[in-house]
Undergrad: 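Okay, handing you the structure first.
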Amino acid sequence: MTDIPPHQLPKDTGWIEVITGCMFSGKTEELIRRLRRAQIAKQKVKIFKPRIDARYSENSIVSHNEQSLPSILIDDIIEVLKHSDDAQVIGIDEAQFFNEGIVHICNSLASKGKRVIVAGLDMDYTGKPFEPMPQLLAIAEYITKQHAICVVCGNPADRTQRKTTESERVIVGAANIYEARCRKCHYIPKEN
Ligand code: ZN
């Protein structure tokens, strides 16, 4: 797992970290781990998630293994700015659900000296890049691509298999609708 050793953390500047991968790859868990460590170091941390993701808990980010941290629910990424003046570390979960404005916002926060940690899906259920994650990956100083385990063959999994035939890009759900698969075992479900 890529993480920045504490002695190598940049000084006197902000930066962007992106944690990405398929569903069930532990992105939120890794985000929570980094934010907790920042809190233990007495840094001021603010955490945001899009309102679309009301799974598990309204006012927390919660990983599939039920770790959680209090978060602010926002409709538009621009709202991060008005809550972040005194924050040293900013966490954003489910970044794929925000519009491309997130790229400018993250850049501007990092340029103000803040550490910005963003977690999100890099591909949709068909295996296509999930904007704005490709743009965030390009501007980030540090990238961690997490893997799950393919439920079919046990290989490392980087794709999200939808188990239903709806073709909307966003259907919020968890293990009832999605599972992790490798390239070999992943397919695009056909509508009936
Ligand atoms: Zn597989």
Side-chain angles (χ1 to χ4, degrees), residues 1-5 16-37 47-57 60-69 71 77 91-100 102-103 106 116-192:
M1 198 172 294
T2 323
D3 201 355
I4 314 163
I16 300 169
E17 298 166 38
V18 174
I19 303 163
T20 194
C22 59
M23 285 185 70
F24 313 108
S25 64
K27 297 183 298 298
T28 300
E29 195 182 334
E30 176 61 15
L31 177 64
I32 290 170
R33 191 184 73 85
R34 292 185 195 180
L35 294 171
R36 280 239 167 90
R37 291 168 72 96
I47 307 157
F48 301 90
K49 69 174 186 178
R51 193 175 296 280
I52 191 168
D53 186 50
R55 287 177 299 182
Y56 308 115
S57 169
S60 305
I61 56 167
V62 183
S63 66
H64 290 290
N65 72 354
E66 295 183 348
Q67 298 210 58
S68 75
L69 273 184
S71 67
I77 192 67
I92 302 172
D93 200 12
E94 302 287 3
Q96 77 280 355
F97 291 145
F98 289 111
N99 64 33
E100 63 282 0
I102 194 174
V103 178
C106 289
V116 183
I117 316 175
V118 182
L121 283 172
D122 53 355
M123 285 182 263
D124 67 13
Y125 76 102
T126 71
K128 288 206 181 75
F130 207 146
E131 302 81 21
M133 292 305 291
Q135 287 76 13
L136 285 171
L137 287 161
I139 61 161
E141 276 87 349
Y142 304 97
I143 297 168
T144 303
K145 182 145 174 165
Q146 307 258 118
H147 290 80
I149 302 296
C150 176
V151 299
V152 177
C153 75
N155 271 338
D158 67 337
R159 276 141 221 267
T160 303
Q161 180 69 53
R162 184 177 286 177
K163 299 194 281 183
T164 63
T165 54
E166 291 98 321
S167 58
E168 297 97 285
R169 193 173 210 190
V170 176
I171 299 177
V172 176
N176 55 329
I177 304 182
Y178 298 103
E179 60 191 26
R181 300 250 182 132
C182 72
R183 176 185 292 275
K184 185 177 58 130
C185 302
H186 177 266
Y187 66 93
I188 301 171
K190 295 273 179 289
E191 262 188 287
N192 293 322

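Start at 1 and go down the list; that is how both ligands and their atoms are numbered.
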Undergrad: When rounded to the nearest 0.5 angstrom, what is the spacing between CZ in R33 and OG1 in T28?
TA: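 R33 atom CZ to T28 atom OG1 measures 14.0 Å (nearest 0.5 Å).
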Undergrad: Please enumerate all residues that pass side-chain contact (heavy atoms from CB on, under 4.5 Å) together with E166, with sequence neighbours excluded.
TA: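 E166: side-chain contact (heavy atoms from CB on, under 4.5 Å) contacts with R162, T164, E168, I171.
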Undergrad: Could you walk me through whether V170 and F97 pass the side chain to side chain contact (heavy atoms under 4.5 Å, CB included) check?
TA: CA-CA 9 Å; V170 176; F97 291 145; 3.6 Å; yes
Undergrad: Residues two or more places apart in sequence or in another chain: which of them pass salt bridge (charged side-chain N to carboxylate O under 4.0 Å, His left out) with K163?
TA: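 Expected list: E179.
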Undergrad: Determine which pairs satisfy side chain to side chain donor-acceptor pair (under 3.5 Å) with at least one residue from residues 128-140, sequence neighbours left out, and list them in order.
TA: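 Qualifying pairs, neighbours excluded: E131-R169.
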Undergrad: What count do you get for protein N/O/S atoms less than 2.8 Å from the Zn ion (ligand 1)?
TA: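 Excluding waters, the total comes to 4.
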Undergrad: Between I92 and I77, does a side chain to side chain contact (heavy atoms under 4.5 Å, CB included) hold up when you go through it step by step?
TA: CA-CA 9 Å; I92 302 172; I77 192 67; 4.2 Å; yes
